[in-house]
Structure formats: structure tokens, C-alpha cells
Amino acid sequence: MMSSNQQGEIAKGLEGVVAAETKIGFVDGINGRLVYRGYNIEDLVEKSNFEEVAYLLIYGKLPTLTDFKQFKDNLNLKAGISEDLFSIISKTTQKSHPMSALRTAVSYQGAFDPLSSNSDLKSQEKMGLSIMGSFPSIVAAINRSIKGEGRVVSKSTDYVEKFLEESFGRKPSDFEKEVMRVALIIHADHGMNASTFASMVTISTLSDMYSAVTSAVSSLKGPLHGGANEKSLEMLEKIGSPKNAEKVISEMLEKKEKIMGFGHRVYKVYDPRAKILKVYAKQLAEKTGHKDLFDTAEEVEKVMVSKLGSKGIFPNVDFYSGIVYKSLGFDSKIFTPIFALARISGWFARSFEYLHDNRLFRPRSLYKGEVGPLKYLPINERKQ
Ligand code: SDX
């Protein structure tokens with residue numbers, strides 16, 4: 001056994017630590033490539049749909065027609081969510097951040113699913129499918145609640161269409177569906193990021209999938225992770241115009257503030273997802289009268305790359321997604337739940353994969369405190 005002052009090296013933030021093996025996805029941080037089960041995301045964005053990509057991540061291959069039909073039946077998108085859950089979401093959203101509403105919704109569902117007492121693979125799979133199948137309705141319910149709007153129930157069994165229809169209370173256009181399909185595919189999975197890791201830590205205790213997803217949602221909320229998309233758009237709106245970008249960004253950097261939507265633990269080059277989103281952000285911004293916002297973002301990018309590009313800091317997935325979602329008509333508060341609408345597939349796939357060869361996650365910390373033994377003093381003998 002190691003002595004208390006020889007406990008090993010710290011990898012702060014677990015940077016560079018390889019903690020699990022996977023066949024699901026590869027984040028190539030040097031060449032700026034993202035691969036799901038061998039397929040480039042660019043190819044999937046061009047040819048596939050979200051449910052198919054989720055199937056690929058979870059089950060390891062592209063589905064046949066029969067597989068796909070079975071998967072869709074299992075997701076049971078038609079079912080949506082209960083009135084009770086809509087009402088809980090509505091109440092939670094009035095009091096707290098939409099990500100807290102999402103966390104509460106997942107946890108609430110788990111409390112009423114008898115499967116959540118089980119940890120066998122079949123039960124975990126069923127729970128994962130049922131959580132994923134409820135996500136379009138949950139996130140749409142959060143979106144409506146933010147605006148104080150009532151419930152809309154869509155009978156669509158298409159993940160993207162159902163979400164948009166229940167969010168907006170109308171049939172989405174083909175272009176809206178196309179943009180959302182692309183956004184969900186590129187956000188579906190991304191290595192052992194913080195929220196995915198959180199879900200894996202929870203499942204590794206042989207807890208249930210609802211608990212794993214609740215952990216993941218909690219972790220995605222933070223501005224260093226999924227919460228950056230909301231903050232990034234708020235920053236762009238504050239900057240207001242391309243001509244202010246240089247001054248505002250320089251001042252923020254001087255104050256050692258982090259510029260939301262830039263930098264990445266793995267990518268030291270341009271995030272391939274940001275490249276895809278930038279194209280849509282430009283088109284959408286021009287179409288919907290937000291051109292100034294896009295121009296501001298492009299100027300911020302120029303300033304940041306000139307100042308920090310040499311340190312490997314470039315736009316990440318959260319930088320242009322905000323403009324895309326805003327141009328589709330979403331409030332910035334719903335951006336991170338939309339991230340979760342996609343990432344549920346990665347959380348499910350990775351937790352499920354890990355369970356097949358499970359080992360409890362349990363790292364150590366380097367103890368820097370008093371080693372003692374100190375003499376215990378009763379409370380009335382301690383100095384005031
Ligand atoms: C996501 O992990 C994933 O895959 C996540 C994700 C996914 O799909 O799941 O890709 C989604 O979370 C994207 C990241 C969203 N977060 C942000 O946009 C927040 C802003 N970015 C950062 O704070 C930062 O870049 C992180 C948190 C994303 C990663 O940072 P690291 O690896 O912990 O690096 P660091 O904070 O230690 O920074 C290293 C250096 C520092 O400078 P020095 O002290 O060496 O001089 O780079 C600087 C930092 O100050 N730096 C930034 C910066 N990011 C890094 N400076 C200004 N603005 C930034 N955004």
C-alpha cells in the first residue's frame with residue numbers, strides 16, 4: 001500500500017486519462033474529425049436521420065428496415081408524456097432553469113417505472129428506449145412552458161417532427177426539419193465528455209438508466225459544457241454588432257474571462273460540428289433577419305482565432321448552434337435541453353455499452369490534509 005504522501009500523480013480534470021474502451025465513437029482532436037461507429041458525421045448528416053444514427057450508436061450497425069421498424073416501435077414516440085408530467089414540467093419551468101425541469105422530468109418518470117428497480121441489461125435497454133422516446137415531448141413541453149403556453153400533442157412518430165410540432169403547435173416546414181435533423185445528428189455522441197461520463201459513473205454502480213440520465217442532464221447544464229450554447233448567444237447579443245467584437249472580446253480576455261463557445265478539451269483544431277453548423281447558421285440568419293447576429297459571431301470568431309488560435313482555441317459546437325436555434329424561433333433558455341434531446345442517444349449507448357463489461361468507477365484523490373493523528377477535544381474544551 002502507498003503511504004499517505006506518496007499517492008501518485010493527479011490528472012486534473014482527468015485530462016488525458018483513458019478510462020474505458022468503446023466502439024461507439026471517435027473524437028479525433030488532431031484532425032478535427034468525428035466518427036460514429038466508423039461513419040464520418042458529415043456522411044451521416046448528408047444521408048441519415050436521427051433515429052437511425054441513434055440505432056447505430058446503441059446497437060453498433062445501421063438498421064435494416066425490420067430493425068428500424070422495431071426500434072421505432074420500441075421508442076413508442078406516439079405515446080408522448082402524461083398530463084401529470086406536463087404539469088410538473090410547467091411548474092418547474094416557472095421556478096427554475098429549463099435544465100432543472102428536464103432533470104426533474106427524467107427523475108419523475110423513473111420514480112413511476114417499476115423497471116427502475118432492476119439493473120439487468122434487458123431492463124436497462126427498455127428504460128433507455130423509453131426515456132429516449134419521451135424526450136421530444138419533454139423538451140417540447142419545456143419549450144412551451146417557458147413561454148407560458150399549454151400542451152400540444154402530436155401523433156407524429158418522427159423524432160424531429162414530433163419535437164418541432166409539439167414545440168411550435170404547428171406543422172414544421174421541411175427546412176426546419178432538415179436543420180433540426182442535422183443539429184441532432186451532430187450532437188448525438190461525443191466521447192467521454194462530462195455528461196456522458198456522469199451517466200457512466202452512475203450506471204457503473206448498477207443503478208438504473210433513469211438515474212444515469214438524471215446525472216447526465218445535471219452535468220450538461222453547466223456553462224463549461226452544454227450550458228455554453230445559451231451563454232454564447234447571450235454574449236453575441238450583448239456585443240450587438242461586428243464593430244464591437246474586437247473591443248468586447250479583448251476586454252473579456254484581459255479580465256481572464258472564458259469566451260463561451262470556444263476551446264475544447266479534445267479538439268485543438270476547428271470542431272467539425274461547428275463547421276457544419278456555421279453553414280446553417282449563415283443561411284438561417286439571412287433568411288430570418290438575424291444577419292447582424294451572424295456577422296457579429298463571425299467577427300468574434302476572427303478576433304478569437306487571431307488571438308488564441310495558436311493555442312488551439314477555435315469555435316466549438318456550442319458557438320453557432322445558438323444562432324441556428326434562435327433563427328428557428330427558440331428562446332436561448334431551451335438551447336441546452338435541445339442539446340440533451342440529441343445527446344440522450346449517446347448517454348444511453350455509452351452507459352449500455354459500459355454495462356456489458358462493467359467495472360465500478362472509483363478513482364482516488366490526492367490527500368493534502370493533516371495526517372495526524374490529532375488529539376480529539378470535546379466541544380466545550382475547544383477554543384472559541
Ligand atoms: C461541450 O468534452 C466534450 O466533448 C464536450 C462537448 C460535447 O459534445 O459533449 O464537445 C460539448 O461541452 C463544448 C465546450 C463548451 N464550453 C465552452 O464553450 C466554455 C468555454 N470553453 C472553455 O472554458 C474551455 O475551452 C473548455 C472547458 C471547453 C475546455 O477547457 P480545458 O481543456 O479545461 O482547458 P483550460 O480551461 O484549462 O484552458 C487552457 C487554456 C487556458 O489558458 P492558460 O491558462 O493556459 O493561459 O486555454 C484558455 C484558458 O484560459 N482557454 C480559453 C478558453 N478556453 C480555453 N480562454 C478564453 N476563452 C475560452 N473559451
Side-chain angles (χ1 to χ4, degrees), residues 8-41 44 53-54 56-60 99 103 106 121 124-125 128 131-132 184-209 211-229 263-269 271-274 312 314 316-318 336 339-365:
E9 294 290 312
I10 305 178
K12 215 172 166 202
L14 297 182
E15 181 160 5
V17 172
V18 179
E21 208 176 275
T22 185
K23 292 193 169 125
I24 293 176
F26 173 49
V27 182
D28 180 347
I30 295 164
N31 299 303
R33 203 174 149 231
L34 175 57
V35 175
Y36 297 161
R37 302 264 188 198
Y39 297 92
N40 279 334
I41 50 156
L44 294 169
V53 167
L56 173 70
L57 294 170
I58 299 162
Y59 297 108
M99 284 301 278
R103 189 188 61 221
V106 176
L121 286 172
Q124 299 283 21
E125 181 185 1
I131 300 168
M132 194 175 145
L184 294 195
I185 290 176
I186 63 172
H187 282 86
D189 181 68
H190 209 247
M192 257 172 95
N193 59 82
S195 56
T196 300
F197 183 44
S199 74
M200 291 168 69
V201 169
T202 301
I203 214 77
S204 84
T205 69
L206 298 186
S207 181
D208 65 287
M209 198 59 87
S211 302
V213 174
T214 306
S215 303
V217 171
S218 310
S219 162
L220 189 71
K221 179 171 182 264
L224 290 188
H225 190 15
N229 53 14
H264 199 274
R265 180 62 69 77
V266 183
Y267 292 123
K268 298 304 165 202
V269 291
D271 182 333
R273 302 167 299 175
F314 293 92
N316 61 48
V317 70
D318 287 323
T336 316
F339 192 147
L341 180 67
R343 188 54 60 82
I344 177 64
S345 56
W347 295 332
F348 173 18
R350 297 231 175 207
S351 303
F352 193 52
E353 178 189 55
Y354 192 72
L355 271 177
H356 284 74
D357 185 22
N358 188 54
R359 183 129 203 261
L360 176 74
F361 278 108
R362 207 299 187 190
R364 289 178 297 120
S365 51

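Just so we're clear, the structure is a prediction, and the values are computed from it rather than from any experiment.
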[X] [atom1] to [Y] [atom2] distance, which is reported to the nearest 0.5 Å:
X: I203; Y: D208; atom1: CD1; atom2: CG; value: 6.5 Å
X: S199; Y: M192; atom1: OG; atom2: CE; value: 8.5 Å
X: I58; Y: M132; atom1: CD1; atom2: CE; value: 5.0 Å
X: E353; Y: Y59; atom1: CD; atom2: OH; value: 13.5 Å
X: S195; Y: R350; atom1: OG; atom2: CZ; value: 10.5 Å
X: S215; Y: L220; atom1: OG; atom2: CG; value: 12.5 Å

- Given side chains that start at C-beta, do those of I30 and K268 come closer than 4.5 Å, heavy atoms only? no

- Beyond-backbone contact of D271 with F314, side-chain heavy atoms, under 4.5 angstrom: no

- What are the two closest heavy atoms between Q124 and F348, and how far apart are they? O-CE1, 4.3 Å

- Distance-minimising heavy-atom pair for T336 and K221: CG2-CA, 4.5 Å

- Message: Please verify the inter-ring angle class for F352 with H356; under 30° counts as parallel, over 60° as perpendicular, anything in between as tilted.
- Response: perpendicular

- Query: Under 4.0 Å between a Lys/Arg side-chain N and an Asp/Glu carboxylate O for R343 and D189?
  - Reply: no

- Please name all residues satisfying side-chain hydrogen bond (donor to acceptor under 3.5 Å, both in side chains) with N31, sequence neighbours left out, ordered by chain then number. D28

- In chain order, what residues pass the side-chain hydrogen bond (donor to acceptor under 3.5 Å, both in side chains) check against T214, with sequence neighbours excluded? none

- Message: Could you check, using the six-membered ring where one of them is a Trp, whether H264 and H190 have ring centers closer than 6.0 angstrom?
- Response: yes

- Hits for side chain to side chain contact (heavy atoms under 4.5 Å, CB included) against S204, two or more places apart or cross-chain, chain-then-number order -> Y354, N358, L360, F361

